[in-house]
Amino acid sequence: MATAWHQQVFALDAKYNTLRANKLPSLGMLYIRRRNQLLREKPSRDPEIGARYLKLRSELLRRRYGERQEQNSVGSHTISEETSENKAKHHLAQRRSTAENFAFAGVHHVFDQHKAAVTMLKFANNDRSKLCCASLDGTLSICEVISTPPKVIALLEGHRNGVTALDWSISNDLIVSSSLDATIRLWRICADSEPVCLRVVNDQQRAEVLCCSFIPANNNLIVAGNSQGLIQILNVSTGIYTRGGSCKIGGKILSLACEGSGGTVIWTGNDRGVIVSFRLEPGVGRLTKLQRVQETSGMITSLSWRSWISKDAPWAALLVSSACNAVLLYRVADSHGSLLLWRKYPIKHRHYPLRSTFCPQMGACLIATGSEDGAVHLLDSAREGKAAKINRLHGHATPTLALSFNYDESLLASADHDGLIILWRNHQRHL
């Protein structure tokens with residue numbers, strides 16, 4: 001049952017839903033999908049976090065769509081006609097196959113600003129245009145991909161060695177990055193000024209930092225993993241690692257994923273093929289090791305969490321890229337982060353730190369994964385075996401390492417071992 005907080009979020013979204021559908025007809029069902037997603041996720045128990053979330057969401061919607069104008073009778077009639085048209089388009093889209101709906105075929109743009117492998121790509125939250133890229137050349141770049149032509153708008157320099165991972169804060173005003181130089185950096189991102197490095201924090205063991213992420217329930221906290229097998233929680237406001245926020249699992253921690261929307265479970269994967277789950281207390285940053293939940297025969301190079309897979313599989317899932325020539329899809333079985341194998345897809349993956357990702361919208365559960373054959377593979381999790389492969393994008397000459405969808409799935413970004421970034425356009429979506 002929806003809580004009072006849920007109802008407040010629904011009311012806020014409904015206020016702007018008509019404006020969203022009018023400006024982008026392809027997003028006519030976005031509100032319903034987000035509502036379903038919200039109902040299935042865990043709300044935070046901290047009322048202050050809920051209030052802050054509502055405030056941020058309201059401000060973001062206001063900035064993007066402006067103040068909602070009341071519609072007169074003529075306007076209402078027009079909206080009714082457009083709604084009917086949108087419904088017809090939606091029914092037509094439902095009749096299309098998954099492959100047609102995700103027809104990433106044409107190249108929208110190619111970036112080559114990095115001189116070494118691009119280790120991670122990530123679009124800003126609920127922003128279809130800003131893309132951040134991390135590279136082993138020691139820099140990060142921010143690209144504006146919808147402009148004509150697309151362009152690099154900022155270069156973040158300061159790391160003394162390769163950048164291994166990045167993440168946007170929920171309000172997109174901060175970026176965190178980790179590096180082989182044994183540091184974590186916090187960057188301030190403003191629309192009207194150049195990015196600024198706010199803080200540089202050394203790893204506790206002076207070891208290479210291989211992954212990092214903001215904690216969804218508390219963006220003052222960052223979780224990071226290093227080459228000595230240490231997972232650690234950092235308070236970015238103070239630059240101090242939290243008491244009780246460090247735990248060692250061995251090996252090199254190559255990947256991590258956080259349960260979203262108030263959830264408290266974190267999964268980490270290392271180079272020995274081991275996935276370990278942790279419980280986090282978001283208020284204080286204390287970690288508790290839960291269990292060694294899974295083992296594979298290859299290093300775990302990417303982890304992605306999703307609150308539910310599809311209407312036919314309404315459970316939380318963890319997507320795992322393992323260097324055992326496979327992408328693995330697990331069902332999250334309980335509150336301790338236990339995993340049950342649900343799907344296994346063969347992908348060429350043995351030597352490189354490949355990533356995979358879920359599509360952001362909830363209509364169908366599409367999976368995109370890199371591969372050492374240089375292709376981008378698009379998979380439908382509702383199917384098994386060869387039938388799951390709905391598309392394969394060729395354009396990279398070296399292993400495809402990183403991937404990211406923008407929030408409305410109109411673009412898919414991929415990057416390879418040579419530093420080339422390709423933007424693939426979905427012809428079923430409007431740019």
*Between atom CG of N161 and atom CD of E208, what is the distance when rounded to the nearest 0.5 Å?*
7.0 Å
*Mark yes or no for whether N219, through its side chain, and I170, through its backbone, hold a donor-acceptor pair below 3.5 Å.*
yes
Give the table of side-chain donor-acceptor pairs shorter than 3.5 Å for residues 192-201, with sequence neighbours excluded, one pair per line with atom names and distance.
| from | atom 1 | to | atom 2 | distance (Å) |
| --- | --- | --- | --- | --- |
| R199 | NE | V236 | O | 2.9 |
| R199 | NH2 | S237 | O | 2.9 |

*Of all residues at least two apart in sequence or in a different chain, which pass the ring pair (Phe, Tyr, Trp, His ring centres under 6.0 Å) check with H396?*
none
*Heavy atoms, side chains only, cut-off 4.5 Å: are F278 and I249 in contact?*
yes
*Out of curiosity, L121 CG to I422 CD1, how far, rounded to the nearest 0.5 Å?*
11.0 Å
*Is there a donor in the side chain of R279 and an acceptor in the side chain of T264, or the other way round, less than 3.5 Å apart?*
yes
*asked:* Could you check whether any side-chain heavy atom of S381 comes within less than 4.5 Å of a side-chain heavy atom of W342, counting everything from C-beta outward?
replied: yes
_Using only atom types and a distance under 3.5 Å, with no angle test, would you say the side chain of H114 pairs donor to acceptor with the backbone of I421?_
no
_Any side-chain to backbone donor/acceptor pair from N172 onto N125? Under 3.5 Å, distance only._
yes
_Derivation and outcome, side-chain contact (heavy atoms from CB on, under 4.5 Å), residues V332 and L339_ = CA-CA 5 Å; V332 179; L339 304 177; 4.1 Å; yes
_Distance in Å, Q205 CD paired with S227 OG, rounded so as to fall on 0.5 Å steps_ = 8.0 Å
*Sequence neighbours left out, what passes salt bridge (charged side-chain N to carboxylate O under 4.0 Å, His left out) with R52? Give chain and number order.*
E48
*S277 side-chain N/O to G337 backbone N/O, donor-acceptor pair under 3.5 Å*: no
*Among S321, S322, C324, P353, find the residue that satisfies the side-chain contact (heavy atoms from CB on, under 4.5 Å) test when tested with I300.*
S322
*At their closest point, which heavy atom of S356 faces which heavy atom of S304, and how far apart are they?*
O-OG, 3.3 Å
*Kindly indicate whether the side chain of T369, heavy atoms from C-beta on, has any atom under 4.5 Å from the side chain of Y345.*
no
_Test salt bridge (charged side-chain N to carboxylate O under 4.0 Å, His left out) applied to D167 - qualifying residues, sequence neighbours left out_ = K122
*Residues which pass salt bridge (charged side-chain N to carboxylate O under 4.0 Å, His left out) with R343, listed by chain and number, not counting sequence neighbours*: E384
*Any side-chain heavy-atom pair from W305 and L303 closer than 4.5 angstrom?*
no
*Donor-acceptor pair, R128 side chain versus S410 backbone, under 3.5 Å?*
no
*CZ of R331 to CH2 of W308: how many Å apart, nearest 0.5 Å?*
14.5 Å
*Mark yes or no for whether N391, through its side chain, and L378, through its backbone, hold a donor-acceptor pair below 3.5 Å.*
no
_Using only atom types and a distance under 3.5 Å, with no angle test, would you say the side chain of E372 pairs donor to acceptor with the backbone of R350?_
yes
*Any donor-acceptor pair under 3.5 Å from N270 side chain to G250 backbone*: yes
*To the nearest 0.5 Å, what is the distance between OH (Y241) and CD1 (I184)?*
4.0 Å
*asked:* Under the criterion side-chain contact (heavy atoms from CB on, under 4.5 Å), I'd like the reasoning laid out for S255 against T301: C-alpha separation, chi angles, the key distance, then a yes or no.
replied: CA-CA 6 Å; S255 55; T301 59; 5.9 Å; no
*May I ask you to check whether T164 and S178 show a side-chain donor-acceptor distance below 3.5 Å?*
yes
*Any T242 side-chain heavy atom under 4.5 Å of V284 side chain*: no
*Atom pair CD1/CD1 of I175 and I142 - distance to nearest 0.5 Å*: 4.0 Å
*Contacts of type side chain to side chain donor-acceptor pair (under 3.5 Å), residue D173, not counting sequence neighbours*: S169, S171
_What I want to check is whether the side chains of N226 and Q204 have a donor and an acceptor closer together than 3.5 Å._
no
*State, yes or no, whether a side-chain contact exists between F405 and N426 at a heavy-atom distance under 4.5 Å.*
no
*asked:* Any side-chain to backbone donor/acceptor pair from S246 onto L230? Under 3.5 Å, distance only.
replied: no
*Are side-chain heavy atoms of L393 and S414 found at a separation under 4.5 Å?*
no
*Can you check whether C258 reaches V223 side chain to side chain, under 4.5 Å on heavy atoms?*
yes
*Would you say the side-chain atoms of T183 pair up with the backbone N or O of N202, donor to acceptor, closer than 3.5 Å?*
no
*Exercise: identify the closest heavy-atom pair between A134 and L140*: CB-CD2, 4.2 Å
